[in-house]
Structures are given as C-alpha cells and as structure tokens.
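Scroll down for the structure; my scribbles are underneath it.
Values below: all heavy atoms of this structure, side chains included; hydrogens, waters and symmetry mates excluded. Below, chain A is the first sequence line, B the second, and so on; all start at residue 1.
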Amino acid sequence: MNDMVIVVRSLRARTLASVVTAAMVAVAVALLLVLLSMRTAASDAFRRGTGNVHLLVSADASPLVAVLNGLFYANPPANPISHTKFAEIRDSFPWSWAIPTQLGDSYRGSPVVATSPEFLSAFEPSVGRPFTLRDGRAFVAPFEVVAGSDAARAHGLALGSKIALTHGAGALAQGGHEHTDHPYAVVGILSPTGSAHDRALFTNLESSWVIHAEERHERESEGEHEDHAAGESGDDHDHRHVEVADLTDADRLITGILLRIPTRPGSDASASLATQFDRLRRDTSITVAQPAQQIGRLMAIVGDIDWLFIAMAVVVLLSSAVSILLAMVASMELRRRQVAILRVLGASSWRVFSLAVTESTLIGLVGSLAGCAIAVGGCALATTLLADRIGLALSGAIDPRSAILVSLGAIVLSAIAGIVPAAKAYSTTVADHLRPIA
Amino acid sequence: MHRESPESNSSACAIDIRGLEFSYSRGFRIVVKRLTIAPEEQVLLAGPSGSGKSTLLHLIAGVEHPSKGSILIGGTDIVALRRGAQDRFRGNHVGMIFQTFNLLHGFSARENVEVPLMLAGHSASEQRQLALEALARLSIDAPDAPVDTLSVGQQQRVAVARAIAGGKRVVLADEPTASLDRANAAATVALIKEAAKRAGAALLMSSHDPEMREAFDRVVEIEEFTRGGARP
C-alpha cells in the first residue's frame with residue numbers, strides 16, 4: 001500500500017467521472033497542439049515554393065504582388081516583359097540560372113506555366129528538393145505539358161491525356177477563351193512538392209507564343225472585318241497557322257524571370273545578391289523582388305493571426321481546467337466520508353491535500369498523453385483533408401517541444417484545478433463525516 | 001515515528017484524561033476532571049443517543065480538539081502534539097471501529113487494513129504481514145477480495161481487524177452494535193472484546209443499549225462529564 005494505490009483506487013472508484021475529465025484534458029491538449037502545428041505548417045507551406053530563387057523579375061506593381069503572382073499563382077501578372085529584356089538580364093551577369101516564365105493561361109482553373117525546361121530541372125520548389133517526376137518525362141517539344149501532382153489529381157490527368165488550355169485564369173464562363181485548335185499532350189506528372197507549384201501545369205514557351213500569335217492574327221483579321229462580325233460565334237475564327245519560326249518579338253512575351261546567383265556548395269546565400277538586386281532595381285521598367293524577403297514580410301503582416309490561434313487554444317485549455325476543477329470539487333463532495341476515514345486512520349491534513357492534488361495531476365497526465373496521441377492522429381487527418389480539398393500540402397508533424405510544453409501546461413493547470421478540492425479535503429471536519437448516514 | 005510528550009508520566013495507563021474541557025458553540029460542554037483506563041482494560045461508555053459519547057471518543061482519538069486539559073495515551077499527551085504528529089500517533093496507537101464500519105470502498109480487505117499501517121510509517125512488507133495476521137485472526141480467508149463483495153458480518157470483521165492491526169494500545173468503538181439485533185449485537189461485542197484482548201489493547205466502547213452493561217466489568221456514564229450542559 002502506498003499513496004499512489006490510494007489515488008488510483010480513488011480514481012477507479014469513479015471511473016466514468018475520471019475518464020470524462022481526462023478526456024476533456026485530452027481534447028484541449030489535442031486541439032492546442034493541432035492549432036499550433038497547423039499554424040507553423042501553414043507558414044512553412046508559404047515559405048516553401050519560393051525555393052532556391054534569389055531574385056524574381058516581373059512587371060507587376062510591387063515586389064510582393066510579383067512574388068504572389070509569379071510563384072504562388074495568385075493572379076496572372078497584368079504586364080508582360082519582352083524576351084529581349086529577358087536576354088538582356090540573362091546576359092548581364094553570370095547567373096547560376098535564369099528562367100523565363102509566362103503565366104496567363106489556365107486549365108480548368110489550374111494555372112499553366114509556360115517556361116523553359118530548366119524550370120523543372122534547375123529550379124527547386126524547396127531548397128535542396130528539386131522537382132521529381134512521378135510518371136513520364138519532362139516536356140521537350142511544343143504542346144507537351146507536365147502536370148503538378150494536385151492538378152493531375154484534380155482534373156484526372158494521366159499520361160497521354162489531351163487537354164485544351166484556356167486563355168485567362170478563370171473558367172470559360174468567366175470570359176476565358178479556350179485554345180481548342182492546339183490540344184496539349186500530358187507527357188509527365190510531378191510528385192508532390194508541398195508548394196503552390198503542385199496546382200500548376202508546365203509547358204514550354206514556344207507553344208504558348210504560337211497560340212497567342214495565332215490569336216493576335218485572329219484579332220487583327222477580326223478588326224479588319226468588323227463590319228461582317230455580326231452573327232458570328234466567338235469560336236468561328238479565320239485561322240492562320242503560325243510556326244515557331246514565324247514568331248516575332250511582339251509574340252515572344254514573358255511575365256517573369258527567376259534568377260539564381262551562383263553560391264558555394266551547401267550554401268543558399270551569396271554576397272552578390274544585394275549588389276545584383278540593387279543593380280536590377282535601377283531599371284524602372286521592371287519590378288525586382290527577393291522572394292524569401294517578401295514572404296518574410298507577408299508573414300510579419302499576418303503574424304497577428306497567430307495570436308488569435310494561440311489565444312483560442314489557451315481559452316480551450318483554461319476552460320478544460322475549469323471543468324477539471326468542477327469535476328474534482330463535485331467528486332470531493334462525494335468523497336468527504338473517504339477523506340474523513342483516511343484522516344481518522346492517521347492521514348494528516350497535508351497528506352489528504354497532496355492525495356487530492358496528485359489525483360488531479362494524474363488526470364492531467366493521462367489526459368495530456370491521450371491528447372498528444374489524438375493530436376498526432378488529428379494532424380495526419382487534417383493534412384490528408386487539406387491536401388485533398390484545397391491542395392495545401394502541410395507537413396502535419398507535431399513539434400515535440402510544443403507537445404512537451406503544452407502537456408506540462410495541462411498537467412500544471414490540472415494540478416492547480418486540484419487545489420480547490422484538495423483544500424476542501426484539507427479542511428474536512430473529520431467527526432462530522434464519520435457519523436452514520438441518516 | 002512520533003514525538004513522545006515531555007510530560008509522559010503516566011505510562012502505566014492506556015488512557016489518562018486530566019482536566020479536559022470541550023465546548024460546542026451551542027453551549028454544550030464536556031468536562032472530564034480525570035478518567036483513566038488501564039492497559040487491556042475493557043470499559044463501556046454508556047449513555048443515551050446524542051449525549052456526547054462520540055464526541056468524547058473523537059477527543060481521545062484526536063479528531064476533535066479540547067479547549068483545555070490533557071489526554072495521555074500510553075504516556076503521550078496527544079493534545080500537546082502538533083496536528084501532523086497527532087495524526088501519525090493515531091495511526092500508530094489508536095484503532096477505531098464505527099457503527100457503519102467506514103471501510104474504504106474500492107479497496108480490498110487487506111488494503112483497508114494496510115492503509116493505517118502505511119500512514120503510521122510501516123514498510124510495505126510489514127503492512128502486508130501485519131494486515132494478513134490481523135485478518136487471519138478474525139477469520140477473513142479472502143483478504144484480497146474487494147470489501148464491497150464481502151458479507152456484512154465479514155465487513156465488520158475487516159473493520160475490527162483494521163482497528164487492532166499493528167499492535168494498537170487503544171481501541172475505540174463508537175456504537176458498533178447500534179444497528180444490530182440483540183443476538184448479533186452480543187456476538188459483535190464478544191468479537192471486539194476478544195480481538196482487543198488478543199491484541200493487548202485497552203477497549204473503550206460506547207453504547208446507548210443498557211443490555212451492554214452486563215458484558216463489561218466497568219461502565220462509565222457519559223452524564224458524569226456532561227452534567228449541567230445542554231445536549232449537542
């Protein structure tokens with residue numbers, strides 16, 4: 001016989017109440033851990049995706065917009081950059097790589113990135129983790145497309161699927177124009193990267209330029225025959241076939257340039273970054289952004305939301321501490337007689353006080369352990385659901401430090417919640433509770 | 001384990017009460033000028049229900065606290081002890097038996113007997129040995145059965161075993177026969193007397209039943225100590 005046996009017997013004598021109280025702690029701990037984990041996972045997901053790009057050049061209005069549009073596909077960039085400008089920037093410095101991108105087309109709402117093959121080989125969506133193909137190969141010839149993992153799943157794309165892209169990011173009903181004359185063949189499907197790139201499709205620049213050149217010719221011919229336009233349907237155009245060789249500088253438009261400065265092996269930083277950033281910024285026709293810095297600023301702006309998350313979780317934890325307190329106080333009312341018996345058998349007031357606090361602490365400990373287990377399962381579930389529903393890839397791992405801190409917090413709160421009933425036990429007037437129950 | 005009082009000068013008595021005064025807020029008083037009980041002596045504390053018998057037993061056990069006087073048990077003045085030491089002393093030297101047994105529910109018979117031994121500071125192996133001895137002496141052959149599964153008679157014997165285990169100096173029995181019929185009451189008193197005698201403990205048992213007087217050599221009337229006061 002020892003104090004722990006008394007505590008365990010006492011808890012077992014009220015199995016239902018003990019289990020319900022521990023379950024309340026478990027739910028609060030699990031909720032807090034999931035909230036904390038989702039909070040860091042969401043910002044991690046944002047920090048991924050800029051990958052190993054050092055500088056992003058676009059013609060957007062601001063650097064943040066450039067990053068959100070260029071690397072997170074928030075909206076199609078409004079203004080183009082000429083390929084001549086790209087060549088000029090590319091040749092102005094011995095970049096590790098310079099990758100042109102053109103955004104604006106979409107497939108059923110998923111953004112299409114027209115780019116050079118280096119996008120899939122040299123650019124890494126997370127530093128040190130390049131794109132890998134789950135199926136097939138990278139695009140080589142015009143009108144070949146590689147689908148990001150979420151895009152492939154969302155639209156049921158498989159190798160060999162033929163798809164027609166839409167000009168504009170929205171659905172057809174929102175004013176997009178479908179390029180039905182040039183079906184693209186799916187030649188590859190990427191593995192998930194946990195970034196916005198999973199939602200996109202990738203093709204080469206020439207195909208995009210050819211389609212837009214043909215459209216430009218159509219518009220010009222429509223302009224010439226506008227007197228005859230009445231009654232014609234939108235798709236009934238007078239087509240003129242364009243080859244890659246026919247493209248002019250006016251057709252060779254891009255919307256962004258991803259740049260990387262050479263670094264030493266194993267390092268992602270370079271002293272030249274600031275110099276090159278400042279040099280490019282002098283060109284007022286373009287916007288230059290350091291993506292990592294812009295995302296850092298964005299996170300600083302939305303950082304206050306973190307506090308909302310944490311405050312919610314703390315309120316949940318406190319409310320469960322109050323529940324423990326009420327459950328313990330209620331049980332102590334029922335156990336006054338047991339406390340009186342222990343006292344008459346030789347237990348000091350302090351001993352019954354410590355037994356009651358140990359009891360509530362034990363409830364907190366069991367609840368915390370169960371909560372950690374639930375949180376691990378819950379995060380796995382939330383990760384799957386978020387990936388399935390909105391394509392947001394979160395790591396979903398519970399940070400062990402958070403788990404330890406939250407569990408300790410819950411145990412301390414449970415112990416504190418045990419103090420009120422313990423004080424009642426301490427002050428129990430023994431004689432009154434030993435008399436026969438009437 | 002416990003602090004002996006420096007005033008120990010009456011170790012020949014199991015219980016020696018001197019100049020004791022206790023008052024309830026409603027004006028009811030217990031005044032004991034002197035009451036001694038010799039080691040192994042068996043005394044009946046007689047008086048009608050609600051006359052203060054339980055209060056006097058609680059005072060001797062140290063769960064009620066007098067305003068004046070001393071209560072020496074085996075020479076130790078429990079009134080002079082600090083509360084914690086008083087609790088340990090009670091666990092070591094005073095066994096109590098109640099009308100309703102007051103067993104710990106959810107605990108086995110052996111664990112019920114072990115609790116006061118544990119609280120008195122006995123090691124786990126001592127607790128086990130002393131508890132099993134006491135239970136065997138009272139013919140409990142299933143010491144690990146939960147007390148809730150035992151018959152009323154067996155529960156009563158567990159309560160008696162708990163009161164005597166570990167070599168108690170004093171056993172206080174508070175109306176242990178109040179809810180029993182005549183035959184059972186007589187058997188219970190015989191059981192308690194026999195157990196206390198074999199344990200070498202003095203017995204002070206309270207009862208409102210005049211029939212009980214015959215079973216004891218010495219009877220103390222509670223009214224001797226409460227004369228002139230209102231009842232609690």
From [atom1] ([X]) to [atom2] ([Y]), nearest 0.5 Å:
X        : Y        : atom1 : atom2 : value
B:Leu119 : A:Arg351 : CG    : CZ    : 5.0 Å
A:Leu345 : B:Asn102 : CG    : CG    : 8.5 Å
A:Leu342 : B:Asp87  : CG    : CG    : 11.0 Å

> For A:Arg343, is it the side chain, the backbone, both, or neither that has a heavy atom closer than 4.5 Å to a heavy atom of chain B?
Replying inline: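 A:Arg343 touches chain B through backbone and side-chain heavy atoms alike.
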> Which bit of A:Asp3 is near chain B, if near means a heavy-atom gap under 4.5 Å: side chain, backbone, both or neither?
Replying inline: both
>> Is B:Phe107 in contact with chain A via its backbone, its side chain, both, or neither, using a 4.5 Å heavy-atom distance?
In response: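 Both the backbone and the side chain of B:Phe107 come within 4.5 Å of chain A.
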> So what's closer than 4.5 Å to chain A heavy atoms on B:Arg128: side chain, backbone, both or neither?
Replying inline: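 Neither the backbone nor the side chain of B:Arg128 comes within 4.5 Å of chain A.
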>> Tell me which of these, B:His105, B:Glu175, B:Glu111, B:Met96, has more heavy-atom pairs under 4.5 Å with chain A than the rest.
In response: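 Result: the option with the highest number of such pairs is B:Glu111.
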>> Out of B:Leu57, B:Val63, B:Asp174, return the one with the most heavy atom pairs under 4.5 angstrom to chain A.
In response: B:Val63
>> Looking at every non-hydrogen atom in both residues, tell me the closest pair between B:Gly84 and A:Ser348 and how far apart they are.
In response: CA-CB, 4.3 Å
> Which heavy atom of A:Met1 sits nearest a heavy atom of B:Met118, and at what distance?
Replying inline: O-CG, 3.4 Å
> Can you find a heavy atom in the side chain of B:Val115 that is under 4.5 Å from one in the side chain of A:Arg9?
Replying inline: no
> Should we say atom CZ of B:Arg137 is surrounded by more than 12 heavy atoms from elsewhere, each under 6.0 Å from it?
Replying inline: yes
